Trainee: 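My questions all concern the structure below.
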Amino acid sequence: MQVYADNAATTKLSKKALDAMLPVLTDIYGNPSSLHTVGQTAKEYLEKAREDVARAINADSKEIYFTSGGSEADNQALRTGAYLGAKKGKRHIISTKFEHHAVLHTLDALKKEAFDVTLVDVHETGVVTVEDIRNAVTEDTCLVTVMMANNEIGTIQPIKEIAEFCKEKGIYFHTDAVQAVGHIPVDVKDLGVDMLSISAHKFHGPKGVGVLYVRKGIPLISIIEGGAQERGKRAGTENLAGIVGMAAAISEAVENLENNMKKLYGLRDALIDGLKGIERCRINGSLEHHLPGTLNMCFEGIEGESLLLLLDAKGINASSGSACTSGSLDPSHVLLAIGVPVEIAHGSLRLSLSEENNIEQMQHVINSVKEVVTYLRSISPVWEKIKAEEE
């Protein structure tokens, strides 16, 4: 049985997205910047997609800027908040220790430009509090960036409350919502965020396309120069097929959101019930504020890489954390941030589901994980030592 359980890394392109893209890949081939009929037809598709994406998150179409994905959107948002702050003499930025590397690496780059960065703790629950942000704020704070849902452990952050606090203080607030949009309700007006990042391939859209939502009144900073596309804020001929596919995918995801969430909560709970009885395992992050289809666990005495390879041999595609750092031998920075010891963090497993999964697949995952963990522990000197210390 094949089970794809790595949807936090990427999702299968939906049929609706593909069907929407095909005409643009063949017949609607004009450049939206061209003034002739072929170009203007392409522009109509572009602006219709912009309206569809805006509607999905309750934004105005003029607040939607198309990007190459979530990483570019994060980069542009952070640099916008930082540079606008610097114009006012403010150069302090606040984030958390378990952000995606698109945020953390951009912050590292901004440090080299004389910005001061504070990364707050996220505690064992994997949830940052408004109090944590409040305590980190100084008179020089110009930007706060906190992800809406963590990409490895799935915990959901109190974005609305943090946005309200930042508004009171006159501080720009950005959220990386790459793992949230299409999986939980996201309403930018209700949340009150200034900027928000989206990536299409996380909700059954195509890869290589995303969105940066920017609230009206914020002068977005360009990070790609060269042309007047995206109202002069993101140069480069638009990836029209990708944008149209993304619009179809996000519309479909929002339309089916309630039913999909209900199904995924059921599948995830079945996994928890089936796996929680394994000796010396732990579920990472609070399940109270959590994405419907993500489960992250650690199993003492084994290596996550071996676990993944043996599960793959059984037809189960999973991960030990972010796909962006899968080549690293270091333990997950997310797990370390929530206090998981290094030796335990090495034995992590992330299962991230979609509405295409079913309960029969979950039973296959449960049986396989139990079998593989038992086998790996039987040949593990680390597990042998753990058991000896118990005696």
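The basis for the numbers below is simple: all heavy atoms, side chains too, and nothing from hydrogens, waters or symmetry mates. Residue numbers count from 1 along this sequence. In this text the structure is predicted, and so the values were computed from the model without any measurement.
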Trainee: Say whether Val53 and Val188 are linked into one hydrophobic cluster, either directly or through other cluster members, by side-chain heavy-atom distances under 4.5 angstrom.
Mentor: yes

Trainee: Are Asp194 and Lys167 ion-paired here, with the side-chain N under 4.0 Å from a carboxylate O?
Mentor: no

Trainee: Quick one: does Ser95's side chain get under 4.5 Å of Val120's, heavy atoms only?
Mentor: no

Trainee: Does Glu63 use its side chain to pair, donor to acceptor, with the backbone of Asp60 at less than 3.5 Å?
Mentor: yes

Trainee: Between Asn150 and His100, do the side chains contain an N or O donor and an N or O acceptor separated by less than 3.5 Å?
Mentor: no

Trainee: Does atom NZ of Lys169 have more than 12 heavy-atom neighbours, drawn from other residues, nucleotides or ligands, at distances under 6.0 Å?
Mentor: no

Trainee: Could you check whether any side-chain N or O of Thr11 sits under 3.5 Å from a backbone N or O of Asn7, counting only pairs where one atom can act as donor and the other as acceptor?
Mentor: no

Trainee: Are Thr10 and His201 close enough that a side-chain donor and a side-chain acceptor fall under 3.5 Å?
Mentor: yes

Trainee: For Ile379, look at atom CD1 and say whether over 12 heavy atoms of other residues, nucleotides or ligands are found less than 6.0 Å away.
Mentor: yes

Trainee: Looking only at side-chain N and O atoms, does Asn317 offer a donor or acceptor that is under 3.5 Å from a partner on Asp312?
Mentor: yes

Trainee: Could you tell me whether the side chain of Thr374 and the main chain of Lys370 form a donor-acceptor pair under 3.5 Å?
Mentor: yes

Trainee: Is it the case that the side chain of His183 and the backbone of Lys202 share a donor-acceptor pair, with hydrogens and angles ignored and the cut-off at 3.5 Å?
Mentor: yes

Trainee: Scan side-chain atoms only and decide if Ser61 and Arg50 contain a donor-acceptor pair under the 3.5 Å cut-off.
Mentor: no

Trainee: If we count only N and O atoms by modelled type, under 3.5 Å, do the side chains of Glu371 and Asn367 hold a donor and an acceptor together?
Mentor: no

Trainee: Assess whether atom CD of Glu384 is packed by more than 12 heavy atoms of other residues, nucleotides or ligands within 6.0 Å.
Mentor: no

Trainee: Around atom NZ of Lys15, are there more than 12 heavy atoms from other residues, nucleotides or ligands closer than 6.0 Å?
Mentor: no

Trainee: With no hydrogens and no angle check, is any side-chain donor or acceptor of Gln76 less than 3.5 Å from a backbone partner on Ser71?
Mentor: no

Trainee: Of the non-hydrogen atoms in Leu196 and Ala177, which two are nearest, and what is the gap between them?
Mentor: CG-CB, 3.7 Å

Trainee: Examine distances only and state if a side-chain atom of Ser380 and a backbone atom of Gly301 form a donor-acceptor pair shorter than 3.5 Å.
Mentor: yes

Trainee: Start with the C-alpha gap between Glu225 and Arg234, add the side-chain angles, then the distance that decides, and say whether salt bridge (charged side-chain N to carboxylate O under 4.0 Å, His left out) holds.
Mentor: CA-CA 7 Å; Glu225 303 291 347; Arg234 201 278 183 179; over 6 Å; no

Trainee: Less than 4.5 Å apart, side chain to side chain, heavy atoms only: is that true for His105 and Asp108?
Mentor: yes

Trainee: Salt bridge check, Lys43 against Glu238: does any charged N sit closer than 4.0 Å to a carboxylate O?
Mentor: no

Trainee: Distance-only, no hydrogens or angles: does the Gln361 side chain make a donor-acceptor pair with backbone N or O of Asn358 under 3.5 Å?
Mentor: yes

Trainee: Minimum heavy-atom separation for Ile64 and Ala54, please, with both atom names.
Mentor: CG1-CB, 3.8 Å

Trainee: Within 45° of the ring axis of Phe165 and under 6.0 Å from its six-membered ring centre, is that where the NZ or CZ of Arg134 lies?
Mentor: yes

Trainee: When you check the side-chain N and O atoms of Gln2 and His364, is any donor under 3.5 Å from an acceptor?
Mentor: no

Trainee: Do Ser197 and His174 have side-chain N/O donor and acceptor atoms under 3.5 Å apart?
Mentor: yes

Trainee: Are the side chain of Gln157 and the backbone of Val128 linked by a donor-acceptor contact shorter than 3.5 Å?
Mentor: yes

Trainee: Is it true that a side-chain atom of Ser348 and a backbone atom of Ser320 form a donor plus acceptor pair closer than 3.5 Å?
Mentor: yes

Trainee: Should Ile156 and His290 count as side-chain neighbours, where that means a heavy-atom distance under 4.5 Å?
Mentor: no

Trainee: Side chains of Glu355 and Asn256: does their closest heavy-atom pair fall under 4.5 Å?
Mentor: no

Trainee: Looking at Val244 and Ala20, what are the two nearest heavy atoms and their distance?
Mentor: CG1-O, 3.5 Å

Trainee: Can you tell me if CD on Glu139 sees more than 12 non-hydrogen neighbours from other groups inside 6.0 Å?
Mentor: no

Trainee: Check Asp121 with Lys97, please: is the shortest side-chain N to carboxylate O separation under 4.0 Å?
Mentor: yes

Trainee: Taking the side chain as C-beta and beyond, is there a heavy-atom pair between Asp132 and Thr129 under 4.5 Å?
Mentor: yes

Trainee: Can a donor-acceptor pair be found between the side chains of Glu99 and Thr96 at a distance below 3.5 Å?
Mentor: yes

Trainee: Treating Ile, Leu, Val, Met, Phe, Trp and Tyr as nodes and any side-chain heavy-atom pair under 4.5 angstrom as an edge, say whether Ile243 and Ile28 lie in one connected cluster.
Mentor: yes

Trainee: List the atom of Cys281, the atom of Lys276, and the distance in Å for their closest heavy-atom pair.
Mentor: SG-O, 3.7 Å

Trainee: Walk me through it: do Leu257 and Met261 pass the test side chain to side chain contact (heavy atoms under 4.5 Å, CB included)?
Mentor: CA-CA 6 Å; Leu257 188 60; Met261 289 179 65; 3.9 Å; yes

Trainee: Given side chains that start at C-beta, do those of His92 and Thr118 come closer than 4.5 Å, heavy atoms only?
Mentor: yes

Trainee: Are Ile366 and Met1 linked, directly or through other ILVMFWY residues, by side chains that come within less than 4.5 angstrom of each other?
Mentor: yes

Trainee: At their closest point, which heavy atom of Thr155 faces which heavy atom of Gly126, and how far apart are they?
Mentor: OG1-O, 2.6 Å

Trainee: Closest heavy-atom contact between Val178 and Gly70?
Mentor: CG2-CA, 3.9 Å

Trainee: OH of Tyr375: more than 12 outside heavy atoms within 6.0 angstrom?
Mentor: no

Trainee: Tell me whether Ile272 shares a hydrophobic cluster with Phe299, the cluster being built from Ile, Leu, Val, Met, Phe, Trp, Tyr side chains joined at under 4.5 Å.
Mentor: yes

Trainee: In the hydrophobic cluster built from side-chain contacts under 4.5 Å, what are the other members alongside Leu84?
Mentor: Tyr65, Leu78, Tyr83, Ile93, Val103, Leu104, Leu107, Leu110, Phe115, Val117, Leu119, Leu143, Tyr172, Met195, Leu212, Val214, Ile218, Leu220, Ile221

Trainee: Measure the shortest side-chain to side-chain distance between Asn239 and Ser68 over non-hydrogen atoms and say whether it is less than 4.5 angstrom.
Mentor: no

Trainee: Within a reach of under 6.0 Å around CD of Glu124, are more than 12 heavy atoms found that belong to other residues, nucleotides or ligands?
Mentor: no

Trainee: Between Ser34 and Asn31, does any side-chain donor sit less than 3.5 Å from a side-chain acceptor?
Mentor: no

Trainee: Do other residues, nucleotides or ligands put more than 12 heavy atoms under 6.0 Å from the CD atom of Glu258?
Mentor: no

Trainee: For Glu300, is there an ion pair with Lys387 - N to carboxylate O distance below 4.0 angstrom?
Mentor: no

Trainee: Counting distance only, does the side-chain N/O of Ser319 pair as donor-acceptor with the main-chain N or O of Leu349 below 3.5 Å?
Mentor: no

Trainee: Kindly work out whether a path of hydrophobic side-chain contacts (I/L/V/M/F/W/Y, heavy atoms less than 4.5 Å apart) joins Leu191 to Ile250.
Mentor: yes

Trainee: Using side-chain hydrogen bond (donor to acceptor under 3.5 Å, both in side chains), reason through Asn75 and Thr106 one step at a time and then give a plain yes or no.
Mentor: CA-CA 6 Å; Asn75 273 256; Thr106 304; 3.1 Å; yes

Trainee: Should Leu335 and Asn296 count as side-chain neighbours, where that means a heavy-atom distance under 4.5 Å?
Mentor: yes

Trainee: Using a strict 4.0 Å threshold on nitrogen-to-oxygen distance, state whether Lys16 and Asp19 make a salt bridge.
Mentor: no

Trainee: Which value, rounded to the nearest 0.5 Å, describes the distance between Thr138 atom OG1 and Arg91 atom CZ?
Mentor: 13.0 Å

